[in-house]
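Residue numbers start from 1 in every chain, and the chains themselves are labelled A, B, ... in the order their sequence lines are given, proteins ahead of strands. Worth knowing before you read on, the calculation uses all heavy atoms, side chains too, and leaves out hydrogens, waters and symmetry mates.
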Amino acid sequence: MEKNKELAGIFEKIADILELKGENIFKVKAYRRAAAVISELSRDINAIWQNGELKQVEGIGKSMAEKIDEYLSTGRIGKYCELMEEIPGGLLELLKIQNLGPKTLFIAYNQLGVKNLNDLEAVIENGRLESIFGMGDKKIENIKTGISLYKSGKGRISIGLALPVVDKIIDFIGPYADKVSVAGSLRRMKETAGDIDILAVSSEADRAIEAFTGYSEAKEVSAKGETKASIIISEENLQVDLRVVGKESYGAALQYFTGSTAHNVKIRGLARNKGLKINEYGVFQGEKVIAGAAEEDVYRALGLPWIPPELREDRGEIEAAAHEGLPLLVKREDIKGDIHIHSNYSDGKNDIGTIAIAAGKLGYEYIGVCDHSKTSRIAGGMDEEKLKRRNEEIDRQQEKITGLKILKGIEVDILSDGQLDYSDAILEELDFVIAAIHQGFSKNAGIRMKKAMDNPLVDIIAHPTGRLLSGRKGYELDIEEIIAYAAEKNVALEINSHFDRLDLNDTNILKGRAKGIKFIISTDLHSTEMFDSIKLGIGMARRGWLGKEDILNAYSWNEMPLRRRYHD
DNA sequence: GCCGTTTTCGGCCCGACTGTTTTCAGTCG
């Protein structure tokens, strides 16, 4: 799948250069679309190419197919190389600066010789940028703001960090509107957010806008109109957009602002084919409004069932909705227990009794206590003796609580030689075993993980890629190979809900789903306050099209299809 | 550059906000 990524990157760059040069915008869009389609492909583009099926891929026509063919057979694309030579290396990067678009940048390059960020700042400083036709003080100011945002460049942040910010803002605007909802990528539960989109219903848009732009944590109001405003939140440097509509347009606006762009482009194309027009105010047949108040009505107007936001990525959901039907996605109520929990027997904050009581209040049927094994010393890993004492403590707490089963689990380290951190005899005494790599990320991680899966006592692999959203790359392994091996061995893979992990993520979940593997959705809990974070893992699972039948901890304990209950 | 259940040519999602404009282009989502 490495080639998919490379080709998508190349097409995206071609689009950037063509746009900069002022080429036909629809040609530019064709390249962007092809890039998006290729990066979302669930199959290796090499295989599609070898089967001669390139042109059957949506958005790939004669010209794109030729370029893909050229790349896969020669390792380069002539047209791409030519384009890259026309434009200085650092220039495209400047397109990421907000308020500085391709038109302005190209003029700055052509007329003022701006080739990189330093040049750009220099022509702002010496006033030459202002000499460009149509450029004024305000525009310069906005570009300067864009540059400072770009430099502080936090980029995208985890959904786990963005959602609490959203909740606060929604609470804040609540009194000034009839209804307030999150939209955009956060509603789709995408793993990271680049900005926050909020939709409000009000007959007095100005009151809501006024309140919003006065929000105490806004360090800047970057736009303020009659129905729409944007602020920048201080700490996270996140842009927050508010859109206010009347209640007759709520569904259409929610559909529109939830996106994704690719999903909406296709939805609107469908509408056009039916002689309808969709915008954020409603679905129109000529002048007549035929839907708009509820999102369900918008989809129904196109002959489609309502599509859950997590699926709206143009990954086949529209076709599924139109024909074979959408998958029945796992819901929070389906989750019967959390089975990756750390107690104070390793690095967790709470004692087992406290955790059990908190889980009982959530209505869980069971919890799985999974402390660290002895080699994870920093995480308070337990030696065999301590593990024994922990198990006795679980027995004691079990006697005190009814209606909740406390399972004896372990998060056992996969050592540098692929051996597990305890003997089989110890692992056999436990209800289930989760294995994980915590050190030696670059030392044969894939081979070690597969060796761990060779042990029939290993039921689950935790955080299978090891990546962190805050920047750590993860283990050096081929995740597709791991997924295929897990399928072969009946090992389940974890969907870890920790805000910085979200591992597996949606695309890897989709690959696992295609192989028919099982998953667990867990919190990797270190404190009872973290129970709620399971919503993030559920979001990832839903984005990966999973139903409750795919999730081990959506089964009752007696029915859970754990690997050790198979005869393999 | 892609695409077709009115089209193989002529469309391509659609609209808000801003700034610099006397009617609209650029940028964004």
*Taking only residues at least two apart or on different chains, which pairs with a member in residues 182-191 of chain A satisfy salt bridge (charged side-chain N to carboxylate O under 4.0 Å, His left out)?*
A:Arg187-A:Glu295, A:Arg188-A:Glu313, A:Glu191-A:Arg467

*Using a cut-off of 4.0 Å on non-hydrogen atoms, how would the nucleic acid contact of A:Asn279 be classed: base, sugar-phosphate, or nothing?*
sugar-phosphate

*asked:* Could you check whether A:Lys144 pairs with A:Glu125 (Lys NZ or Arg NE/NH1/NH2 to Asp/Glu carboxylate O, under 4.0 Å)?
replied: no

*Between B:dA16 and B:dG11, how far apart are the C1' atoms? Round to whole Å, please.*
24 Å

*asked:* Could you tell me how far B:dT18 sits from B:dT23 if I compare only their C1' atoms? Round to whole Å.
replied: 15 Å

*Would you mind classifying the nucleic acid contact of A:Arg272 as base, sugar-phosphate or nothing, using non-hydrogen atoms under 4.0 angstrom?*
sugar-phosphate

*Reading DNA chain B 5' to 3', which nucleotide is the first, and which the last, to come under 4.0 Å of any heavy atom in chain A?*
B:dG1 to B:dG29

*Using purine N1 to pyrimidine N3 plus N6-O4 or O6-N4 for Watson-Crick, or N1-O2 and O6-N3 for G-U wobble, each under 3.5 Å, what pairs with B:dT8?*
none

_So that I can tick it off, tell me whether A:Asp506 and A:Arg513 are bridged by a salt bridge, with the cut-off set at under 4.0 angstrom between side-chain N and carboxylate O._
no

_Rounded P spacing from B:dT8 to B:dG4 in Å_ = 13 Å

*Around A:Lys515, counting heavy atoms of other residues, nucleotides and ligands shown, do more than 12 lie under 6.0 Å from its NZ?*
no

_Could you work out, with side chain to side chain contact (heavy atoms under 4.5 Å, CB included) as the rule, every residue matching A:Asp137, not counting sequence neighbours?_
A:Glu130

*asked:* Please give the distance between the C1' atoms of B:dC17 and B:dG10 as a whole number of Å.
replied: 30 Å

*Please measure how far the C1' atom in B:dC9 lies from the corresponding atom in B:dC14, and state the result in whole Å.*
23 Å

*Can you tell me, in whole Å, how much space there is between the C1' of B:dT20 and that of B:dA25?*
10 Å

_Pairing of A:Lys266 and A:Glu319 as salt bridge, 4.0 angstrom limit_ = yes

_Listing request: all ring-ring contact (aromatic ring centres under 6.0 Å, His included) pairs with a residue in residues 187-233 of chain A, at least two apart in sequence or in separate chains._
A:Phe172-A:Tyr215

*NA contact type, A:Ile278, heavy-atom cut-off 4.0 Å: base, sugar-phosphate, or nothing?*
sugar-phosphate

*Using heavy atoms to find the nearest nucleotide of DNA chain B for A:Ala65 and A:Gly101 separately, return the residue whose nucleotide is more 5′.*
A:Ala65

*With heavy atoms under 4.0 Å as the rule, sort A:Asn24 into base, sugar-phosphate or nothing.*
base

*Just do the side chain to side chain donor-acceptor pair (under 3.5 Å) check on A:Ser202 and A:Asp178 with the steps written out, would you?*
CA-CA 5 Å; A:Ser202 174; A:Asp178 301 327; 5.1 Å; no

*Within residues 119-133 of chain A, find the residues that approach DNA chain B with a heavy atom at under 4.0 Å, and present them sorted by residue number.*
none

_A:Asn142 vs A:Ile97, nearer the 5' end of DNA chain B by closest nucleotide_ = A:Asn142

_With a 4.0 Å cut-off on N to O distance, would you call A:Glu296 and A:Arg300 a salt bridge?_
no

*Can you tell me, in whole Å, how much space there is between the C1' of B:dT21 and that of B:dG26?*
12 Å

*Check every strand shown and say whether A:Lys266 touches a base, only sugar-phosphate, or nothing at a heavy-atom separation below 4.0 Å.*
nothing

*Can you tell me how far P in B:dT22 sits from the matching atom in B:dG15, rounded to whole Å?*
26 Å

*Hey, does A:Thr227 reach any base, or is it just sugar-phosphate, or nothing, if we go heavy atoms under 4.0 Å?*
sugar-phosphate

*Base, sugar-phosphate, or nothing: which does A:Tyr281 touch, judged by heavy atoms less than 4.0 Å apart?*
sugar-phosphate

*Determine which pairs satisfy ring-ring contact (aromatic ring centres under 6.0 Å, His included) with at least one residue from residues 34-93 of chain A, sequence neighbours left out, and list them in order.*
none

